[in-house]
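For reference, the structure discussed in these notes is given below.
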Amino acid sequence: MASPDIQICEVGPRDGLQNAKHLMPTEAKKVWISALAAAGVTEIEVGSFVPPKLIPAMADTGELVAHGRSIAGLTVVALAPNLKGFQCALEAGAHKVTFPVSASRAHSQSNVRMSPEDMIAQVRQCVVLRDAQPSNRRPQIEGAVATAFGCTLQGAVSEDDVVRFATLLAEAGCDAVALADTVGYGNPAQVKRVFRRVREAVGRRLEGAHFHNTRGLGLANALAAYEEGVRSFDSSMGGLGGCPFAPGASGNVITEDLVFMFEAMGVSTGIDLEKLFKAREVMVQALPGEPVYGHTAMAGLPKGFRQAA
Ligand code: COA
Ligand code: ZN
């Protein structure tokens, strides 16, 4: 099968569940992850390696990495906030590890209790540790510039800072750099401008776009990033999500709607929408009472709708 035109990483099990009002049992998470993979999702961020006391919903990430690794063809992603988290990710066998580096100093302190520079120093150490592993145990490392489009604690975030931290992450040896709109402040014009500037600085290492739908602009921002050459997107089923250490943060761009938008445009995602709706039912049943969103799932597919080839 030809590879899809774009890559979607489902971050619901991490970004979604870290902010959900209810805990999803580990077994249910596994069923959900399997259902997502069965729908054709080939990259899933299954959790984060953070102190369980801080985010109890992420306490089972090691077990979920093991489960994800048992699914053929799935790239298993985990978030790590420091060297210790990365060591756990290495031990569990994550294929890819994402580090959140906030361009906002206020959010960096709130989220990881470090300055952005100290966080980048942690990433540098993790790259060295990764490179010392046997070749079959070297995860990809992604540096995600968080609050890249504004911050609820600090307000405006300087674009020069975003470019500078992205450049430092590339220089630290990250395989990929992503830009994240942690609190849903971005707009499409800003998205185009900032992605262009960062691409000029770090070239092909700029990969991922991570948008939140807090002010309803998630899809518009994803389209703007696509038009700027981005081919790798994070999204969350049902629009779950948000950073517990960024006041006012709410859900990610909704996977079902993102897949629908691209497929309707003729841009293939590799994801089967009907099967994706089945995975959504699994999630909804496992999180009773949790608010879930998604226009496409609620309205159904248009009559005679055909997915991109
Ligand atoms: N996983 C598990 N335990 C960890 C850990 C990790 N990644 N990092 C540190 N710890 C443990 C330490 O061993 C120590 O344990 P002890 O009290 O038993 O000795 C304790 O946690 C405190 O360690 P310290 O290094 O002082 O951490 P901290 O309290 O300054 O917190 C972070 C720093 C980075 C661990 C924390 O802020 C964090 O996890 N942030 C991530 C938040 C997040 O996930 N946000 C959403 C995604 S963007
Ligand atoms: Zn997020």
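Start at 1 with the first residue, then count along the sequence. Both counts, for ligands and for their atoms, begin at 1 and track the order of listing.
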How about [atom]: does it have a protein heavy atom within less than 4.0 Å?
atom	answer
atom 19 (O) of ligand 1	no
atom 2 (C) of ligand 1	yes
atom 15 (O) of ligand 1	no
atom 25 (O) of ligand 1	no
atom 7 (N) of ligand 1	yes
atom 29 (O) of ligand 1	yes

Identify, by atom number and element, the atoms of ligand 1 in contact range of [X], meaning under 4.0 Å from any of its heavy atoms.
X	answer
Gly85	7 (N)
Arg14	47 (C)
Ile55	43 (C), 44 (O)
Leu54	36 (C), 37 (O), 38 (C), 39 (O), 40 (N)

| query | How would you list, by chain and number, every residue that makes a salt bridge (charged side-chain N to carboxylate O under 4.0 Å, His left out) with Asp160, sequence neighbours excluded? | reply | Arg197
| Going by distance only, is there an N or O of Ser48 that falls short of 3.5 Å from an N or O of ligand 1? | no
| Does an N or O from Phe49, backbone or side chain, lie closer than 3.5 Å to an N or O of ligand 1? | yes
| query | What protein heavy atom is closest to atom 13 (O) of ligand 1, reported as residue, atom name and distance in Å? | reply | Lys84 NZ, 3.1 Å
| field | Nearest non-hydrogen protein atom, atom 33 (C) of ligand 1 | value | Val112 O, 3.7 Å
| query | Do any N or O atoms from the side chain of Ser48 and from the backbone of Ala80 form a donor-acceptor pair under 3.5 angstrom? | reply | no
| task | Could you tell me whether Asn111 approaches ligand 1 through its side chain, its backbone, both or neither, with non-hydrogen atoms closer than 4.0 Å? | result | both
| Does Met58 approach ligand 1 within less than 4.0 angstrom via side chain, backbone, both or neither, non-hydrogen atoms only? | neither
| field | Connected via hydrophobic side-chain network under 4.5 Å: Leu219 and Ile271 | value | yes
| message | Quick one, Tyr185 and His212 - any side-chain contact, counting heavy atoms below 4.5 Å? | response | no
| Can you check whether Arg164 reaches Thr167 side chain to side chain, under 4.5 Å on heavy atoms? | no
| task | Could you please give the number of protein N/O/S atoms within less than 2.8 Å of the Zn ion (ligand 2)? | result | 3
